[in-house]
Amino acid sequence: MSDDAPFYSPNRPSPAPRQPKPGERLFDFVRASDRVPMSCELRFHGESYGWEVQFFERGEFFGGRGVFPTKRLAIQFAEEERKAFERKL
């Protein structure tokens, strides 16, 4: 940064708000219990955290799970969860 004010200065302008990165769309499906459209995305958070699986219901965040060390394990988990969602109760 070319700003000469120290980071703790009360007059220093605040940084721009963080912009979320879009996830990698894995698949779309319909939940069997109520016919709601669902989707699944993968997100990579760096080597120290790994991959996260996120499920969305009608485009809104529904739930997720992270800390998968490899993309393959995250995809495997997502596919198993999709199978469970697609089973009729």
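Taking all atoms of both residues into account, the shortest heavy-atom contact from Ala78 to Phe55 is O-CZ, 3.9 Å. In this structure, Pro22 and Arg43 approach most closely via the heavy-atom pair C-NH1, 3.8 Å. In this structure, Arg58 and Val36 approach most closely via the heavy-atom pair NH2-CG2, 3.4 Å.
Here the CZ atom belonging to Phe27 is positioned 10.5 Å from the CZ atom belonging to Arg25, to the nearest 0.5 angstrom. One finds the CZ atom of Phe77 at 12.0 Å from the CD atom of Glu79 (value rounded to the nearest 0.5 Å). Atom NE2 of residue His45 and atom CZ of residue Phe68 lie 11.5 Å apart, to the nearest 0.5 angstrom. Atom OG of Ser33 and atom CZ of Arg87 lie 12.5 Å apart (nearest 0.5 Å).
Looking at residues two or more places apart in sequence or on another chain, you find no side-chain hydrogen bond (donor to acceptor under 3.5 Å, both in side chains) involving Arg65. With sequence neighbours left out, Arg82 forms a salt bridge (Lys or Arg N to Asp or Glu O under 4.0 Å) with no residue at all.
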Would Lys83 and Glu80 count as a salt bridge (charged side-chain N to carboxylate O under 4.0 Å, His left out) if you check the C-alpha gap in whole Å, the side-chain angles of each, and the deciding distance to 0.1 Å?
CA-CA 5 Å; Lys83 288 176 188 174; Glu80 291 299 319; 3.5 Å; yes

Between Leu73 and Trp51, is a side-chain contact (heavy atoms from CB on, under 4.5 Å) present by the stated rule, with each step listed?
CA-CA 9 Å; Leu73 289 173; Trp51 291 87; over 6 Å; no

Begin from the C-alpha positions of Phe56 and Phe61 and carry the test side-chain contact (heavy atoms from CB on, under 4.5 Å) through to its verdict.
CA-CA 4 Å; Phe56 295 86; Phe61 181 73; 4.0 Å; yes

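In this structure, the side chains of Asp28 and Pro37 stay at 4.5 Å or more apart for every pair of heavy atoms. Looking at Leu42 and Val53, their side chains come closer than 4.5 Å, going by heavy atoms from C-beta outward.
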